2 protein chains.
Amino acid sequence: MASTRPNILVIEDDPPIRRFLRASLSSHDFDVQEAPGGKEALKLATQQPPDLVILDLGLPDVDGLEVIRQLRQWATMPIIIVSARGQEKDKVAALDAGADDYLTKPFGVGELLARIRVALRHAVTLAAGRGESSQFRVGQLHVDLAARRVLVAEAEVHLTPIEYKLLTTLAHYAGKVLTHRFLLKEVWGPTYSDQTHYLRIFMANLRRKIESDPARPRYLLTEQGVGYRLAEE
Amino acid sequence: MASTRPNILVIEDDPPIRRFLRASLSSHDFDVQEAPGGKEALKLATQQPPDLVILDLGLPDVDGLEVIRQLRQWATMPIIIVSARGQEKDKVAALDAGADDYLTKPFGVGELLARIRVALRHAVTLAAGRGESSQFRVGQLHVDLAARRVLVAEAEVHLTPIEYKLLTTLAHYAGKVLTHRFLLKEVWGPTYSDQTHYLRIFMANLRRKIESDPARPRYLLTEQGVGYRLAEE
DNA sequence: GTCAATCTTTACGGAATCTTTACGCCTCAC
DNA sequence: GTGAGGCGTAAAGATTCCGTAAAGATTGAC
């Protein structure tokens, strides 16, 4: 699909293994970015989002699971874990945090490449629709998913966790109407599906913080009897 | 997204393992279908396509790789391989044939479940990406079913829930005449089958919003004594 | 243990929508 | 011609849905 070579970000602190991965990937038609630690990796990923991430869980600076969660705040590209720890609970934790695959060292290059092909196969099909980015903009409203910040007219606005989740869920489907039920499931969890008054209250809170005239909203729009919608350009 | 429990097809010839998988999956909110061989499996899969397939490569009747290829001829649901053979070339062959994951026996149930969750996660995202070309057009009228929006001459028109349901029902059968009874059942529910005056009122409302000359409708056409019809190109 | 921030619960006025009622027009059979 | 049935339109009444405020409960930080 992509006319250029797929770009892979390798997050690995051990220099020999990093070199080895770079060599293996480069010779199989991939572009490679490298990061020795989680901090650099997250920065790199926002600056130039890769098509796939290979992540060693045993990083010196940040917990590997935390790197997964940070990336998943805004990105959907495949994440393949490469780890010395082969305990089942480690695998389950990583996969549930948002990783797509988990290889235990030592592993063969052939298998890694095959699993990369599988992951990219998935990614191509779904990336076709949405050109994802770590930012969302509409009018004066600016949501930075990677930094977890919300700006209105260049001024930062503080949101509570639920307010933030609600706004980002709407932003993820910007322009589309999301039903009450769906929003409640997504933000509060499946057991809250019929607590529609929660939505009314938190939408009011969000509007007070984001809209210049909360009574006549420009971004957070109501679809009576159905749900809510975030305006897009 | 799916309101019912995900359905998993287990293809495994060894009865104890099959029983074990059934028990593990059933107790974790999955519906399970079983097949002891490739032939039955392929037949079952066409009759009642599962949401995910767990496949043992060492089947007595058909080669496991062949089962993958057969399924991939028409289906895209995730396939997770479960095999006693852990050779790298086996894994690569299966993954490249179209499998999505490969576990080597013995494996933990926790890991299998986690990898199932990953695979289903992908499947949901994929489905969401595909279903975005759901639009209807005729003349100046444009209905965007995904965003739940209606445009007339590029300008958005606000519709109430019932108006919208009525319009989309007509659009779904564009060009065909729908009887009063059918529309009432579809939009209001089966108990309203003889409230034909509702239809007159809401058709008038719709025309006022959509037609440039409501008295001489171009899109929402009346079929005297029968019902209504939405014009198509 | 206290305090601050957030989430949950309760209550109510107003707006949007649906339902009901009413009336005029047209067509067609007799 | 005329009266009945089907249709379109208007407007008032009833109901549901939404926005807002504020008090109570919970959580986490120090």
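Chain letters run A, B, ... following the sequence lines, proteins first, then strands; residues in each count from 1. Quick caveat, the model's predicted, so the values are computed rather than measured.
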Can you list every salt bridge (charged side-chain N to carboxylate O under 4.0 Å, His left out) pair that touches residues 188-209 of chain B, not counting sequence neighbours? B:E163-B:K209
Report each atom pair, protein N/O against N/O of nucleotides 18-23 of chain C, whose distance is under 3.5 angstrom.
residue	atom	partner	partner atom	Å
C:dC18	OP1	B:I162	N	3.1
C:dC18	OP2	B:T160	OG1	2.7
C:dT19	OP2	B:W188	NE1	3.1
C:dT20	OP2	B:Y198	OH	2.5

Return yes if a side-chain donor-acceptor contact under 3.5 Å exists between A:D100 and B:H122, otherwise no. yes
Partners meeting salt bridge (charged side-chain N to carboxylate O under 4.0 Å, His left out) with A:R229 (sequence neighbours left out): A:E223, B:E156
For A:E66, what residues pass the side chain to side chain donor-acceptor pair (under 3.5 Å) criterion, not counting sequence neighbours? A:R69, A:Q70
Would you mind reading off the bend of the helix from C:dG1-D:dC30 to C:dC30-D:dG1 from its two end axes, five pairs each, to 10 degrees? 30°
Under the rule for side chain to side chain donor-acceptor pair (under 3.5 Å), what residues qualify as partners of A:D61, not counting sequence neighbours? none
Mind checking A:T196 for me? I need base, sugar-phosphate or nothing, with any heavy atom below 4.0 Å counting as a touch. nothing
Taking 5' to 3' order, which nucleotide of DNA chain D is first and which is last to have an atom within less than 4.0 Å of a heavy atom in chain A? D:dC17 to D:dA21
Filter on ring-ring contact (aromatic ring centres under 6.0 Å, His included), then keep only pairs touching residues 139-168 of chain A, sequence neighbours left out; what's left? none
Listed by chain and number, what are the side chain to side chain donor-acceptor pair (under 3.5 Å) partners of B:E111, not counting sequence neighbours? A:K91, B:R115
For residues 36-62 of chain A, which residue pairs qualify under ring-ring contact (aromatic ring centres under 6.0 Å, His included), counting only residues two or more places apart or in two chains? none
Those residues that, when tested against A:D31, pass side chain to side chain donor-acceptor pair (under 3.5 Å) (two or more places apart): A:R5
Whole-Å gap separating C1' (C:dA29) and CD (B:Q224): 15 Å
Contacts satisfying ring-ring contact (aromatic ring centres under 6.0 Å, His included) that involve residues 211-233 of chain B (not counting sequence neighbours) are B:H180-B:Y228
